[in-house]
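Numbers here are sequence positions counted from 1.
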Amino acid sequence: MSKRENEAAKVMTEAMDETMQRLHERFQAISEQLEGQIDEMGTRISGLERNVTELMTEAGMEDRPVSKMSDLLPN
């Protein structure tokens with residue numbers, strides 16, 4: 001391999017390494033953002049389940065807490 005080819009290969013390798021690093025950083029950022037949104041959604045769903053249980057209890061429809069939203073849906 002000539003000196004010129006070696007230099008071109010080195011430049012290409014460095015460019016690919018930089019691109020892969022940027023992609024990895026972007027993937028990490030998106031993953032963290034998605035994880036945060038999923039956690040927030042879980043918190044909201046838990047709050048909604050508590051509210052539905054409280055409303056059902058107040059309405060006299062349910063004497064025990066509902067563990068899951070699916071418990072409220074007809075079969």
Reported [atom1]-to-[atom2] distance for the pair [X] and [Y], which is rounded to 0.5 angstrom:
X	Y	atom1	atom2	result
Gln33	Ile38	CD	CD1	11.0 Å
Arg4	Glu7	CZ	CD	11.0 Å
Leu48	Met41	CG	CE	12.5 Å
Ile45	Glu49	CD1	CD	7.0 Å

Applying salt bridge (charged side-chain N to carboxylate O under 4.0 Å, His left out) to Glu40 and not counting sequence neighbours gives Arg44
Is there a side-chain contact between Asp39 and Thr43, using heavy atoms and a 4.5 Å cut-off? no
Does some side-chain heavy atom of His24 sit less than 4.5 Å from a side-chain heavy atom of Met20? no
What's the verdict on side chain to side chain contact (heavy atoms under 4.5 Å, CB included) for Glu58 and Leu55, showing C-alpha distance, side-chain angles and the deciding distance?
-> CA-CA 5 Å; Glu58 288 175 14; Leu55 288 172; 4.3 Å; yes
